[in-house]
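Since the model is a prediction, treat every value here as computed from it, not as a measurement.
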Amino acid sequence: MPFTFAGPALPVTLRLCRTLVWTQAAFTILGGAFILMIALMFGSSDAIPFHGEALTGTGAAMLGAVYLAAGVALAWFGAALGHLAPWARAAIVSMQVFLALLTIFRSTDLSVSLAVNVALVVAIVALLFVPDTQRALVGAPQA
């Protein structure tokens with residue numbers, strides 16, 4: 001089979017879901033990079049709020065690394081979803097649960113960031129279980 005950049009035809013719900021996953025991945029990567037940059041530049045003189053405490057230095061850098069890793073994994077899962085890999089749905093749902101728990105554990109303060117994260121999690125999980133998406137993923141060739 002010759003190589004092509006054109007993938008299989010995707011239903012609108014799956015394309016929208018993949019776009020939201022990539023958007024969430026970009027936000028997560030940028031957030032992780034920002035936290036990591038702040039931790040490395042300012043060390044213990046600046047703090048990142050986390051579960052009612054403040055992370056500084058190594059703790060903040062580790063949090064930034066977790067966000068970076070989660071964002072890269074989400075981008076990879078989004079690409080797999082676009083190739084109709086059936087395992088991508090379970091991986092994306094698992095990552096959504098992880099990010100939701102991390103967001104809740106990090107801070108329960110009402111903010112724009114919390115609202116955006118909750119909206120993305122709900123929309124992505126809902127779109128993964130729409131009948132059109134399920135039909136596209138059942139019996140599809142794995143990437």
Side-chain angles (χ1 to χ4, degrees), residues 4-143:
T4 178
F5 283 109
L10 302 176
V12 173
T13 57
L14 195 58
R15 286 192 309 233
L16 179 59
C17 183
R18 182 181 59 179
T19 301
L20 291 176
V21 168
W22 282 342
T23 301
Q24 186 181 38
F27 286 155
T28 305
I29 289 170
L30 289 173
F34 180 74
I35 292 171
L36 196 56
M37 182 183 68
I38 294 300
L40 294 176
M41 286 176 57
F42 298 114
S44 61
S45 65
D46 199 10
I48 305 294
F50 188 79
H51 198 58
E53 298 177 13
L55 292 179
T56 60
T58 305
M62 287 175 49
L63 179 64
V66 166
Y67 274 112
L68 278 173
V72 169
L74 267 175
W76 181 50
F77 297 156
L81 185 65
H83 289 288
L84 299 176
W87 59 266
R89 178 177 24 196
I92 291 171
V93 169
S94 298
M95 185 59 74
Q96 296 305 311
V97 170
F98 172 74
L99 288 174
L101 290 175
L102 185 61
T103 300
I104 290 169
F105 192 76
R106 181 165 175 237
S107 176
T108 55
D109 296 336
L110 294 178
S111 65
V112 173
S113 174
L114 180 67
V116 168
N117 283 321
V118 168
L120 282 171
V121 167
V122 169
I124 289 168
V125 171
L127 285 169
L128 284 172
F129 290 96
V130 170
D132 285 345
T133 302
Q134 288 184 354
R135 276 192 297 274
L137 291 173
V138 173
Q142 292 191 17

Any idea which heavy atoms bring [X] and [Y] closest together, and the distance?
X: Leu20; Y: Ala123; answer: CD1-CB, 3.8 Å
X: Ala25; Y: Ala75; answer: CB-N, 3.6 Å
X: Ala39; Y: Ala61; answer: CB-N, 3.6 Å
X: Ala73; Y: Met95; answer: CB-CE, 3.6 Å

message = Within the supplied structure, the quantity of interest is the number of heavy atoms (other residues, nucleotides, ligands) at a distance under 6.0 Å from Met37 CE; does it exceed 12?
response = yes
task = For Phe129, look at atom CZ and say whether over 12 heavy atoms of other residues, nucleotides or ligands are found less than 6.0 Å away.
result = yes
[atom1]/[X] to [atom2]/[Y] distance, rounded to the nearest 0.5 angstrom?
X: Gln96; Y: Asn117; atom1: CD; atom2: CG; value: 9.5 Å
X: Leu74; Y: Ile29; atom1: CG; atom2: CD1; value: 8.0 Å
X: Leu63; Y: Leu68; atom1: CG; atom2: CG; value: 10.0 Å
X: Leu30; Y: Ile35; atom1: CG; atom2: CD1; value: 11.0 Å
X: Ile92; Y: Leu128; atom1: CD1; atom2: CG; value: 5.5 Å

query = Less than 4.5 Å apart, any side-chain heavy atom of Leu14 and any of Val130?
reply = no
query = How far apart are the C-alpha atoms of Leu36 and Tyr67, what are their side-chain angles, what is the distance that settles it, and do they pass the side-chain contact (heavy atoms from CB on, under 4.5 Å) test?
reply = CA-CA 9 Å; Leu36 196 56; Tyr67 274 112; over 6 Å; no
key: Val66: side-chain contact (heavy atoms from CB on, under 4.5 Å) partners, not counting sequence neighbours   = Phe98, Leu102
message = Test of understanding: with side chain to side chain donor-acceptor pair (under 3.5 Å), list the residues that count as partners of Thr133, not counting sequence neighbours.
response = Thr13
Residue pairs passing the salt bridge (Lys or Arg N to Asp or Glu O under 4.0 Å) test where at least one lies in residues 115-134, sequence neighbours excluded = Asp132-Arg135
query = Hey, mind stepping through Leu137 and Leu81 against side-chain contact (heavy atoms from CB on, under 4.5 Å) and telling me if it holds?
reply = CA-CA 8 Å; Leu137 291 173; Leu81 185 65; 4.1 Å; yes
Phe77 and Trp87 aromatic ring geometry - parallel, tilted or perpendicular at 30°/60° bounds = perpendicular
query = Yes or no on side-chain contact (heavy atoms from CB on, under 4.5 Å) for Leu84 and Leu10, after CA distance, side-chain angles and deciding distance?
reply = CA-CA 8 Å; Leu84 299 176; Leu10 302 176; 3.5 Å; yes
